[in-house]
Amino acid sequence: MTSALPPGLEGNLVEYVRGGEGDWLPFDQKRFYTNAFVIQGDKILLGWKKRGFGVNKYNGFGGKVELGETPAEAAMRELKEEAGIVAPLEHAGSLLFMTKGAGWAFQIEIFSARSYSGIPIETDEMRPEWFSFAPPASGVFDTNESVMPIPYEKMWDDDVYWLPLLVQGRKFVGRADFVMEGDEFKMARHWFGTIKSDH
Ligand SMILES: Nc1nc2c([nH]c(=O)n2[C@H]2C[C@H](O)[C@@H](COP(=O)(O)OP(=O)(O)OP(=O)(O)O)O2)c(=O)[nH]1
C-alpha cells in the first residue's frame, strides 16, 4: 500500500497501522533517545517509571543519548543504570515521538535482546517487573497468575502498535504525536510501518 510517510520518517516502509487526525505537529530538530526491552521465553521485562518524563507508566529502559555515544552504547548504559543488567541488544525499530508545544521531536531508537546477564534490580528511576506476552492456556488471564499480561493501559498509547512487532522480531518505524488532555498525554495521531525488506 502506498501512502505519504509522515514528516520526519524515511525509508522503504510499508504502512502497518495509522490513526488519529489533525496536522502532524511541527518540529525543527530531533533529540536522540533509546529504549530497551529484554525478552526471556514468553516474558518481557518492563520497568515502572518512578520519576521524570513518563512517570507512573511501564516502559522499556532508556533515556537520552549522551554526547559522543552511539544509540547502541547509550541503550547498553541505560539498561545497566536503570535495571542493573547487561544484554546483547539489537536494533528493533525507531519511533519519532512528538509532544504538542515542544517544537522538537524525540528520535527514539528501540532495542531488544533475548538473553541477559545479572539480576534485574530496582533503581531510583525504575522498578523492573516481568510480563507475559503469550495468552494463558485457559485463554483468560486471572489475577492469581504469577506473571500478568503486558499492561498496555499503563504504557504510552503508541506501544500497543509496535511492541507486538518487537516481540515477533519484525523491524518497525513509526511516528506518534501527543497532546495534553488535563494532566495526561493522549495520542492524537500515529503511523507505523514495517521495513519492506522484512516481508
Ligand atoms: N515506550 C515508549 N517510550 C517512550 C515514548 N516516548 C518516550 O519519550 N519514550 C521513552 C524514551 C526514553 O526511553 C524515555 C524518556 O527518557 P528519560 O526522560 O527517561 O531520559 P533520561 O533517563 O535520560 O532522563 P534523565 O535520567 O536525564 O532524567 O521515554 C513512547 O511513546 N513509548
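Read the numbers this way: they start at 1 and go in the same order the structure lists the ligands and their atoms. Count residues from 1 along the sequence.
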| message | Heavy-atom contact check, 4.0 Å cutoff: does Phe37 meet ligand 1? | response | no

Q: May I ask you to decide if the ring planes of Phe97 and Phe178 are parallel, tilted or perpendicular, using 30° and 60° as cut-offs?
A: tilted

shortest atom 24 (O) of ligand 1-to-protein heavy-atom contact is with Lys64 NZ, 3.3 Å

Near Ile108 (heavy-atom distance under 4.0 Å), the atoms of ligand 1 are 4 (C), 5 (C), 6 (N), 7 (C), 8 (O), 9 (N), 11 (C)

Report task. Verify the contact flag for atom 5 (C) of ligand 1, where contact means a protein heavy atom under 4.0 Å away. Result -> yes

query = Backbone or side chain, does any N or O of Arg51 fall under 3.5 Å from an N or O of ligand 1?
reply = no

For Glu125, the ligand 1 atoms with a heavy-atom partner under 4.0 Å come out as 19 (O), 22 (O), 26 (O)

Taking the six-membered ring for Trp, is the centroid-to-centroid distance between Trp162 and Tyr16 below 6.0 Å? no

Other residues, nucleotides, ligands: >12 heavy atoms within 6.0 Å of Lys57 NZ: yes

Can you check whether Phe131 and Tyr58 have ring centres sitting under 6.0 Å from each other?
yes

Counting heavy atoms under 4.0 Å, the part of Glu82 that contacts ligand 1 is side chain

re atom 12 (C) of ligand 1, the protein heavy-atom contact at minimum distance is Thr34 O, 3.5 Å

